[in-house]
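Everything below concerns the one structure shown next.
Treat the numbers as computed from the prediction; the structure is a model and nothing was measured.
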Amino acid sequence: MSSRTASCSCGQLRIQVEGEPRGVGICHCLACQQRTGSVFAALASFSAPFKVFGTATEYVRVGDQGARFTFRFCPICGTSVFHTEDGHDESVSVAVGAFTDPSFPAPRLAIYESRRHPWVQLPPGTSTFDKDPLDSAGANFPRIRHAFCAQA
């Protein structure tokens, strides 16, 4: 099984994940825009286990569906590297840019399309959702929930 390592700008905080991503997507919510300093967050979800090297500062955000997400960033350079969702220890979401790999798989879905900047173009075939989608029982789709912060 192949492994990938993502790191912050200064290299102090790193995360090693195994295998292929469970999903790759984009979140256009305002919280992700503010958190990343960009117009969207590109995230890849990986199954546990994963290994963290270095020290992280944590920031907890409650999404609009009530989920609690813990974002980890480097206390030295400030790069946001990965986050987890409380109660879902089976996965981790990693910032795609932290892999510094231009051949990383393209996103297949995008959430909070209602907040997308009109000049941002998505790859052909990307599934889009106006907000964080809910299934018929009112729960978030697991592949979406584990990959995105879901804050409008």
Side-chain angles (χ1 to χ4, degrees), residues 1-113 115-117 119-123 126-129 131-132 140-152:
M1 180 180 301
S2 65
S3 68
R4 300 175 192 257
T5 301
S7 71
C8 65
S9 294
C10 73
Q12 185 279 138
L13 177 61
R14 298 176 316 281
I15 183 169
Q16 182 180 15
V17 293
E18 301 294 327
E20 293 303 310
R22 295 170 52 168
V24 180
I26 293 174
C27 182
H28 300 283
C29 77
L30 298 180
C32 277
Q33 291 181 34
Q34 194 170 36
R35 177 179 63 78
T36 64
S38 184
V39 296
F40 58 82
L43 302 163
S45 177
F46 288 88
S47 296
F50 54 90
K51 295 178 186 171
V52 177
F53 306 93
T55 303
T57 298
E58 296 183 350
Y59 173 72
V60 176
R61 175 178 293 284
V62 177
D64 63 355
Q65 305 292 340
R68 291 177 49 89
F69 299 90
T70 303
F71 294 90
R72 280 125 179 142
F73 58 94
C74 176
I76 297 170
C77 68
T79 304
S80 179
V81 179
F82 66 98
H83 74 268
T84 54
E85 181 182 354
D86 287 3
H88 295 278
D89 297 333
E90 72 277 4
S91 67
V92 63
S93 293
V94 183
V96 170
F99 289 106
T100 60
D101 178 4
S103 66
F104 200 87
R108 308 228 347 133
L109 56 94
I111 63 172
Y112 285 91
E113 194 59 9
R115 304 292 190 180
R116 181 173 57 89
H117 289 241
W119 48 265
V120 171
Q121 300 296 310
L122 299 175
T126 303
S127 298
T128 62
F129 301 90
K131 287 191 169 189
D132 193 9
N140 294 85
F141 288 114
R143 71 172 193 264
I144 307 287
R145 180 179 62 231
H146 296 304
F148 302 106
C149 73
Q151 179 71 28

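Listed by chain and number, the residues in a ring pair (Phe, Tyr, Trp, His ring centres under 6.0 Å) with Y59 amount to none (sequence neighbours excluded).
F104 approaches P21 most closely through the heavy-atom pair CZ-CG, 4.1 Å. When all heavy atoms of V94 and A6 are compared, the closest pair comes out as CG1-CB, 3.6 Å. Nearest approach of A110 to L122, heavy atoms of both residues: CB-CD1, 4.0 Å. Contact between A41 and T36 at its shortest, heavy atoms only, is CB-CG2, 3.9 Å. When all heavy atoms of D89 and A48 are compared, the pair lying nearest together is O-CB, 3.6 Å. In terms of heavy-atom proximity, C27 sits nearest to Y112 at SG-CD1, 4.0 Å.
Ring orientation note: the planes of F99 and F46 are tilted relative to one another, at an angle of 30° to 60°. Classification of the H28-F40 ring pair by plane angle, with boundaries at 30° and 60°, yields perpendicular.
The shortest distance between side-chain heavy atoms of E85 and S93 does not fall below 4.5 Å. When side chains are defined from C-beta on, T70 counts as touching D86, because their heavy atoms get closer than 4.5 Å. The shortest distance between side-chain heavy atoms of T84 and R72 falls below 4.5 Å. Considering only heavy atoms from C-beta on, F82 comes within 4.5 Å of V52 through its side chain.
Interatomic distance, SG of C29 versus CZ of R61, reported as 7.5 Å (0.5 Å rounding). Separating the OG atom in S3 from the NZ atom in K51 is a distance of 8.5 Å, to the nearest 0.5 Å. We find the CZ-OG1 distance between R14 and T5 to be 8.0 Å, quoted to the nearest 0.5 Å. Note: C32 SG to I26 CD1 = 11.0 Å, rounded to the nearest 0.5 Å. Considering CD1 of I76 and OG1 of T55, their distance stands at 7.5 Å, rounded to 0.5 Å. To the nearest 0.5 angstrom, F69 atom CZ is 7.0 Å from F71 atom CZ.
The neighbour count for R108 CZ, taken as heavy atoms of other residues, nucleotides or ligands under 6.0 Å away, does not exceed 12.
The side chain to side chain contact (heavy atoms under 4.5 Å, CB included) test with W119 singles out one residue from H117, Q121, R116, and that residue is H117. Screening V24, V96, L43 for a side chain to side chain contact (heavy atoms under 4.5 Å, CB included) involving P107 leaves a single residue, V24.
Distance alone, capped at 3.5 Å, places no donor-acceptor pair between the E90 side chain and the S47 backbone. Between the E18 side chain and the P49 main chain, no donor and acceptor come within less than 3.5 Å of each other. Without hydrogens or angle criteria, T79 side chain to S9 main chain gives a donor-acceptor distance under 3.5 Å.
Here R4 pairs with E20 in a salt bridge; the nearest charged N to carboxylate O distance falls below 4.0 Å.
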